Trainee: 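Before I ask anything, let me first share the structure, which is written out below as structure tokens.
Remember, predicted model here, so these are calculated numbers, not experimental data. Letters go in sequence order (proteins before strands), and every chain restarts at 1.
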There are 2 protein chains.
Amino acid sequence: MAPTQTGSARVRVAVPSVAERVAEELRYQLAEGMLLPGARLTEATIAEDLGVSRNTVREAFAELASERLVVRQPNRGVFVATLEAGDIHDLYTVRRAIEVSSIRGGGSAERVAAVRAAVDEGKRAAAAEDNDALGSANQHFHGAIVALAESKRLDTIMKHVLAEMRLYFHKATADAHFYSGWLEENDAICAALEAGELERAGELLLAYLNRSEEQQLTVHGE
Amino acid sequence: MAPTQTGSARVRVAVPSVAERVAEELRYQLAEGMLLPGARLTEATIAEDLGVSRNTVREAFAELASERLVVRQPNRGVFVATLEAGDIHDLYTVRRAIEVSSIRGGGSAERVAAVRAAVDEGKRAAAAEDNDALGSANQHFHGAIVALAESKRLDTIMKHVLAEMRLYFHKATADAHFYSGWLEENDAICAALEAGELERAGELLLAYLNRSEEQQLTVHGE
DNA sequence: GATCGAAGAATCGTTGAACAATTCGACAAT
DNA sequence: ATTGTCGAATTGTTCAACGATTCTTCGATC
């Protein structure tokens, strides 16, 4: 038996803390629609369900609150975030800022290839008529666009924005997918990017985001 | 007298929780340079110093970590964030994305007036040769630009970015202020904004951010 | 004398229990 | 119908404890 860790690289394995795993589980349930907007999250209940202490649940809540997935009401409890007036516009304002800026900056060949890969992923999902996979592919596409900028901070911001969108537009977007024109649109955006026509790629992306916002606004009457 | 609460808005008083106040205090000390990058923050020590429990300190840490002001190293402790390679570029990438996008969208007369007010604030600080006030005014200027977009989310993102910049460039920016050209630059940007020349305002702002990044890069040898 | 390893101290991660403060719901009184 | 009161439920916070991990010290070995 090896007395010390010879040979194998000394990797920081960093097992996620319990609080982190609780947050992860809740994020999953939020994205999957098991916890709907407005639902109350009682500390004691969740602590018992997941077999952890209340304090740990509390830490997880703090994390989710910082991501705007839940809202803390002092002395009242934690609730799954609900769509307030202006939130849709707000989310798309953030997306326009960081996605358009990212695509206008271009990116390395690898990053561009990742965008292309997301486009293909969408096409496969469409061919397989897998609606869930379609949604994921679209998120990968936009995530890959932001990844062009190679910015840790923009990446996490985008991650949080997409998590919010999953929460709010969970199944409602099934309708939006009926208009499957965005698949070809993604392709066109990606093509412009690959051709180095960054300005045009930015315009196309902006147009997409504006239209997408309008769609969501009509679906969620506002 | 009104029988029910007619007229006055129903405000949630919401006394900040203890954890929130602890986070606020630490944020203050970080911005003020009392806690320098790399410094270790021991839970027990801070708990005792501020007269709160370790668990409460923990919650405050979680909040600060989500803002990237401190870094958690599992089982090792919490440290004031340090400037890693690429962080300066990263921060300016975020600023370029949200500031330029915001100014290009223009804003209401009130919001534009707020930008102008920040410019004037800077001029007064310069006249009074108050270096601290100069730094604050500059931050208010850029905060006001993002506020043009009227987006909660962009506002908090910008708040976090500025907090990071205060942490890293606390006193080092005193040098950068020697080149006081940015005062007139802010004025020019604001003028373009007021004149509705949004495209040009965006260009000016972008140029400023690029130059500012380079300055910081040279100051913090990289 | 430098390297290695093992015992011990310090700190973190997490738990469980406790208690005051606040909110909520029901029920009675005006 | 509004107000007031009481009790139950939940949150905010503290405290004490313990295993696990990291850091430090200090010998032992080569």
Trainee: Using side-chain heavy atoms (C-beta onward) and a distance below 4.5 Å, is B:Asp87 in contact with B:Glu84?
Mentor: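 Contact flag for B:Asp87/B:Glu84 side chains = yes.
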Trainee: Grab the two heavy atoms, one from B:Leu134 and one from B:Gly122, that are nearest each other, plus how far apart they are.
Mentor: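 Shortest heavy-atom separation between B:Leu134 and B:Gly122 comes out as CD2-O, 4.0 Å.
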Trainee: For each nucleotide in nucleotides 11-19 of chain C, reading 5' to 3', give B when a protein heavy atom comes within less than 4.0 Å of its base, S when such contact involves only the sugar-phosphate, and - otherwise.
Mentor: SBBBBB-B-
Trainee: Is any side-chain N of the basic residue among A:Arg96 and A:Glu213 closer than 4.0 Å to the acidic one's carboxylate O?
Mentor: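 A salt bridge links A:Arg96 with A:Glu213.
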Trainee: Heavy-atom count check: over 12 atoms from other residues, nucleotides or ligands less than 6.0 Å from B:Gln73 CD?
Mentor: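 Above 12, so yes.
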Trainee: Decide yes or no for A:Phe141 and A:Val119: does some side-chain heavy atom of the first lie under 4.5 Å from some side-chain heavy atom of the second?
Mentor: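 Yes, at least one pair of side-chain atoms sits under 4.5 Å.
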